[in-house]
Visitor: 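What follows is a structure written as structure tokens; I'll ask about it next.
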Amino acid sequence: MNKKDLFRIILKFAGLYWIVINMYNQLPFLFSLVFNRSDYTFLPYLIGYFLVCIAIFIILVLYTDKLIDWIKLDKGFDEDQIEFSNFNIENILKLALIIVGCMLIINNISIVIIQAYYFIKINVTTNQSDSFGYTSQSGYQFTISFFNLFIGYILITNYPALSKFILKITQKKEEFQ
């Protein structure tokens, strides 16, 4: 199997996972916010969020090759072909770093979008009672989710160096014991 084929499979799976998670977790919450309010001021945000979800799904599923080239996921491996029979520990670690980075981004990007909207809505509106329940807990959740997005980005873009660093640390630890 070609390494680009493997990353295509992973990204397409991530796109499907993204749309399923958002359809079953975030969108019902957003619909309840829209339809429990009598003025429907939250409706444009719901439409925007839905369009962003569809855009991310389309990028992950239909433009997988361009995304792989842009992030340079297929760089940093010794061989072009990935054979699972002689898959060494460094390649497994690289693949694990990429998968963990993708999952961090997929699980936290919707939370960051929603919490950023809440924060902007509070700062733009003059009526502070119309804050959609944005509290210090929401700020904490935004901070943690944004940090997870950043860590996911770092894992995806620097996986060759990180895998070498982790292997170096584990080898030193084994030599020390």
Side-chain angles (χ1 to χ4, degrees), residues 1-27 29-30 48-120 137-174:
M1 175 183 278
N2 190 344
K3 60 186 170 184
K4 199 166 191 175
D5 294 335
L6 178 66
F7 292 125
R8 276 188 203 116
I9 291 169
I10 291 170
L11 287 176
K12 288 181 188 245
F13 176 74
L16 290 173
Y17 179 77
W18 161 262
I19 203 73
V20 168
I21 289 297
N22 280 293
M23 291 297 168
Y24 288 108
N25 289 339
Q26 301 298 332
L27 281 180
F29 170 70
L30 294 174
Y49 183 77
F50 184 71
L51 291 175
V52 167
C53 286
I54 296 300
I56 291 173
F57 173 74
I58 288 171
I59 289 170
L60 286 174
V61 174
L62 298 180
Y63 296 104
T64 308
D65 289 335
K66 290 182 181 180
L67 185 64
I68 290 171
D69 292 337
W70 183 62
I71 300 176
K72 298 176 184 163
L73 283 177
D74 56 345
K75 308 294 186 247
F77 285 93
D78 296 334
E79 301 172 6
D80 188 42
Q81 295 291 329
I82 295 176
E83 296 180 24
F84 292 107
S85 61
N86 58 0
F87 211 56
N88 61 10
I89 190 71
E90 185 176 0
N91 289 339
I92 292 171
L93 191 56
K94 287 178 184 178
L95 186 61
L97 287 171
I98 290 170
I99 291 172
V100 168
C102 286
M103 296 308 288
L104 280 172
I105 289 173
I106 288 171
N107 287 334
N108 291 293
I109 196 163
S110 59
I111 296 169
V112 168
I113 292 170
I114 290 171
Q115 296 299 328
Y117 173 78
Y118 288 160
F119 182 73
I120 291 169
Q137 180 66 27
S138 299
Y140 174 76
Q141 187 178 16
F142 174 79
T143 305
I144 295 299
S145 296
F146 188 79
F147 183 71
N148 285 339
L149 278 177
F150 180 72
I151 295 296
Y153 174 76
I154 295 296
L155 287 176
I156 289 174
T157 56
N158 298 316
Y159 68 91
L162 289 171
S163 66
K164 288 179 184 175
F165 178 72
I166 292 171
L167 286 175
K168 185 177 166 183
I169 288 174
T170 55
Q171 287 174 352
K172 284 184 180 179
K173 184 179 178 184
E174 289 175 359

Visitor: Got Leu155 and Ile98 here, is their nearest side-chain heavy-atom distance under 4.5 Å?
Guide: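 No, too far: nothing below the 4.5 Å cut-off.
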Visitor: If every non-hydrogen atom of Cys102 is compared with every non-hydrogen atom of Leu11, which pair is closest and at what distance?
Guide: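 Minimum heavy-atom separation between Cys102 and Leu11: SG-CD2, 4.2 Å.
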Visitor: When rounded to the nearest 0.5 angstrom, what is the spacing between CD1 in Ile19 and CD1 in Ile58?
Guide: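 One gets 8.5 Å once the value is rounded to the nearest 0.5 Å.
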Visitor: Using modelled atom types only, decide if a donor and an acceptor are shared between the side chain of Thr64 and the backbone of Val61 within a distance under 3.5 Å.
Guide: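 Confirmed, Thr64 side chain pairs with Val61 backbone.
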Visitor: Distance check, rounded to the nearest 0.5 Å: Asp65 atom CG versus Arg8 atom CZ?
Guide: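 So the gap between those two atoms works out to 4.0 Å.
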Visitor: Is atom NZ of Lys12 surrounded by more than 12 heavy atoms (other residues, nucleotides or ligands) closer than 6.0 Å?
Guide: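 Correct, the count exceeds 12.
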Visitor: Could you grab the distance from atom CD1 of Ile166 to atom CD of Glu90, nearest 0.5 Å is fine?
Guide: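 Going from CD1 on Ile166 over to CD on Glu90, the span is 11.0 Å.
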Visitor: Could you please spell out the steps behind the side-chain contact (heavy atoms from CB on, under 4.5 Å) verdict for Leu16 and Phe57?
Guide: CA-CA 7 Å; Leu16 290 173; Phe57 173 74; 3.8 Å; yes
Visitor: Between Ile111 and Ser145, which heavy-atom pair has the shortest distance, and what is it?
Guide: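 Closest approach of Ile111 to Ser145: CG2-OG, 3.1 Å.
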Visitor: For Lys94 and Ser163, work out which heavy atoms get closest and say how close.
Guide: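 Heavy atoms only, the tightest pair is CG-OG, 3.4 Å.
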Visitor: Could you report the tightest heavy-atom contact between Ile106 and Ala14, atom names first, then the distance?
Guide: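 For Ile106 and Ala14, the tightest heavy-atom pair comes out as CD1-CB, 3.1 Å.
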Visitor: Which heavy atom in Ile154 sits nearest to a heavy atom in Leu162, and how many Å separate them?
Guide: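 Closest heavy-atom pair between Ile154 and Leu162: O-CD1, 4.0 Å.
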